[in-house]
Amino acid sequence: MWMASEAVCEPVAMESEDLLFLLYTSGSTGKPKGLVHTQAGYLLYAALTHRYVFDYHDGDVFGCVADIGWITGHSYVVYGPLCNGGTTVLFESTPVYPNAGRYWEMVERLKINQFYGSPTAIRLLLKYGDKWVKCHDRSSLKTLGSVGEPLNSEAWAWYYKVVGDGRCPVVDTWWQTETGGVCIAPRPAESGAEIIPAMAMRPFFGIMPVLMDEKVSGTQNNMSGPLCIAQPWPGMARTIYNDHERFVDTYFRPYPNHFFTGDGAYRTKQGYYQITGRLDDVINISGHRLGTAEIEDAVVREVVAESAVIGCAHEVKGEGEKSESRGTLVRYRLAEVVKRLPKTRSGKIMRRILRSIVQNKRHELGDLTTLDDHTAVEEIVDGHKKILEEPRK
């Protein structure tokens with residue numbers, strides 16, 4: 001039995017640039033950093049992107065299955081939906097417990113209208129087949145979303161055709177902890193505008209993406225390059241906690257007067273954006289720079305559930321390709337089949353760990369506190385050691 005407290009907590013007026021929250025990044029790119037988001041700009045951006053990217057309407061039930069401890073959970077479980085007076089779903093489990101139909105049972109039971117998940121989870125559930133999806137009523141769904149990594153073509157097709165019955169637009173969103181909310185996505189757009197599978201496509205209101213070429217802003221279509229943003233937007237982080245110099249060095253010094261995202265992208269002939277992955281994940285083979293996301297998309301086509309492609313030293317080509325795959329292997333220069341990949345609890349594959357293992361820098365793996373399962377690293381280290389001990393053909 002409980003009794004409501006008679007105490008009343010009056011709201012406190014805050015300045016627009018007062019601290020709202022401090023959030024540490026996952027550490028997938030090295031030393032974690034605490035990013036500072038402030039009141040008015042972040043809240044405005046979270047609310048607007050929630051409403052227009054996902055086509056949220058009053059009375060809808062919004063289901064984002066991210067951990068609220070990460071930026072996706074902050075922006076699209078808590079702040080965005082609540083700023084819009086919406087109904088938001090909290091999910092605290094895994095997509096395969098008690099079975100692989102967990103998400104879709106929840107959609108049926110709660111009549112969820114917008115579903116926002118990660119490519120990692122989608123690829124995992126695809127492996128279990130269609131039966132766990134089709135045994136649940138998903139007619140309430142209106143929009144499907146993806147966040148965290150580029151969504152490969154096979155997973156996109158399964159998500160659209162099986163989960164959404166071919167009637168729900170898939171918004172494959174690109175953004176970061178640093179941006180506060182979605183920056184590039186297929187929606188919003190004019191009614192009936194095309195959506196190209198596995199492509200983020202269109203910048204959100206006020207976002208001015210540019211691709212850089214030798215530190216010069218590139219605005220033409222049909223080009224690739226480092227992805228930057230040319231002007232500020234409300235949701236961007238303001239600093240790194242207790243280290244503003246690092247904030248400036250990381251995001252603004254590489255390309256002066258531009259925000260440097262650390263990702264690479266390709267702008268199509270139509271002016272759409274496709275994210276090709278982290279720039280530090282690009283592989284240089286005989287002078288050709290290959291994005292790991294593109295190679296991984298090719299790998300994950302048949303019976304491989306997930307893959308992580310990284311570069312390793314090659315005496316002639318500079319770098320070769322090494323593939324850490326879950327499922328039947330596809331051989332490049334070297335491939336290792338593993339039970340699971342090292343991931344943060346938000347589902348991001350920590351490729352820097354794999355790179356350190358391949359480079360025989362196992363004592364320089366960096367911060368591992370955000371890993372969801374440390375045994376995955378131990379298994380990969382042991383497996384890589386056995387591969388190196390095998391006679392080469």
Side-chain angles (χ1 to χ4, degrees), residues 14-23 25 29 33-56 64 66 70-84 116 145-148 171-189 199-212 217-219 225-241 244 246-265 267 271-275 278-279:
M14 306 293 289
E15 295 293 330
S16 62
E17 288 299 299
D18 283 349
L19 174 70
L20 178 63
F21 63 84
L22 168 66
L23 184 63
T25 60
T29 55
K33 47 189 178 290
L35 288 156
V36 173
H37 281 288
T38 55
Q39 297 278 333
Y42 170 85
L43 292 173
L44 170 67
Y45 199 72
L48 280 177
T49 50
H50 169 256
R51 181 171 292 277
Y52 292 111
V53 170
F54 303 99
D55 194 26
Y56 179 84
C64 174
W70 304 108
I71 188 63
T72 304
H74 274 58
S75 297
Y76 300 113
V77 175
V78 182
Y79 291 106
L82 296 185
C83 280
N84 286 323
Y116 198 26
S146 171
V147 59
V171 288
D172 186 358
T173 64
W174 174 84
W175 59 294
Q176 304 171 320
T177 306
E178 294 86 341
T179 73
V182 174
C183 288
I184 307 177
R187 294 290 187 265
M199 193 175 292
M201 297 187 71
R202 303 175 176 93
F204 190 71
F205 308 144
I207 300 297
M208 294 183 61
V210 293
L211 304 183
M212 310 303 285
S217 173
T219 57
L227 175 62
C228 294
I229 301 177
Q231 70 177 22
W233 64 100
M236 68 186 301
R238 300 306 199 256
T239 188
I240 292 175
Y241 184 65
H244 190 68
R246 184 184 176 192
F247 183 72
V248 174
D249 287 343
T250 301
Y251 303 109
F252 298 99
R253 285 220 165 90
Y255 299 95
N257 300 317
H258 292 79
F259 176 86
F260 174 49
T261 69
D263 283 336
R267 188 191 293 119
Y272 300 145
Y273 290 87
Q274 181 174 29
I275 308 302
R278 297 292 303 177
L279 287 172

Nearest-0.5 Å distance, [atom1] of residue [X] to [atom2] of residue [Y]:
X	Y	atom1	atom2	answer
Cys228	Phe252	SG	CZ	10.5 Å
Trp233	Met208	CH2	CE	12.5 Å
Thr261	Ile229	OG1	CD1	7.0 Å
Leu227	Gln274	CG	CD	12.5 Å
Tyr255	Met212	OH	CE	6.5 Å
His74	Leu23	NE2	CG	5.0 Å

Could you tell me which non-hydrogen atom of [X] sits nearest to which non-hydrogen atom of [Y], and how far apart they are?
X	Y	answer
Cys83	Leu43	SG-CD2, 3.9 Å
Gly225	Leu211	O-CD2, 3.9 Å
Ser146	Thr173	O-OG1, 2.7 Å
Ile184	Ala200	CG2-CB, 3.6 Å
Val171	Pro186	CA-CD, 3.8 Å

Are any non-hydrogen side-chain atoms of [X] and [Y] less than 4.5 angstrom apart?
X	Y	value
Val53	Pro188	yes
Pro232	Phe259	no
Arg187	Asp55	no
Ile240	Leu35	yes
Met201	Tyr273	no

Working note: Phe21 + Ile71, criterion side chain to side chain contact (heavy atoms under 4.5 Å, CB included); need CA distance, chi angles, decisive distance, verdict. CA-CA 10 Å; Phe21 63 84; Ile71 188 63; 4.0 Å; yes
Checking Leu20 against Thr38 for the side chain to side chain contact (heavy atoms under 4.5 Å, CB included) test, could you report, in this order, the C-alpha distance in whole Å, the side-chain angles of both residues, the deciding distance, and whether it holds? CA-CA 5 Å; Leu20 178 63; Thr38 55; 5.6 Å; no
Decide if atom OH of Tyr241 counts as having more than 12 heavy atoms of other residues, nucleotides or ligands within a radius under 6.0 Å.
no
Taking [X] for its side chain and [Y] for its backbone only, find out whether a donor-acceptor pair lies under 3.5 Å.
X	Y	value
Thr250	Phe247	no
Gln231	Gly206	yes
Asn84	Ala47	yes
His37	Thr177	yes
Tyr42	Ser75	yes
Tyr76	Val182	yes

Requested in this report: Only one of Phe54, Trp175, Tyr45 passes ring-ring contact (aromatic ring centres under 6.0 Å, His included) with Phe204; say which it is.
Outcome: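 The ring-ring contact (aromatic ring centres under 6.0 Å, His included) with Phe204 is passed solely by Tyr45 among Phe54, Trp175, Tyr45.
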Gln176 and Asp263: CA distance, side-chain angles, deciding distance, side chain to side chain contact (heavy atoms under 4.5 Å, CB included) verdict = CA-CA 10 Å; Gln176 304 171 320; Asp263 283 336; 3.5 Å; yes
According to the interplanar angle, ranging from 0 to 90°, do the rings of Tyr56 and His50 count as parallel (below 30°), tilted (30 to 60°) or perpendicular (above 60°)?
tilted
Determine, stepwise, if the pair Met236 / Thr179 fulfils side chain to side chain contact (heavy atoms under 4.5 Å, CB included). CA-CA 4 Å; Met236 68 186 301; Thr179 73; 6.0 Å; no
ask   = For Thr72 and Tyr116, does a side-chain donor sit closer than 3.5 Å to a side-chain acceptor?
value = no
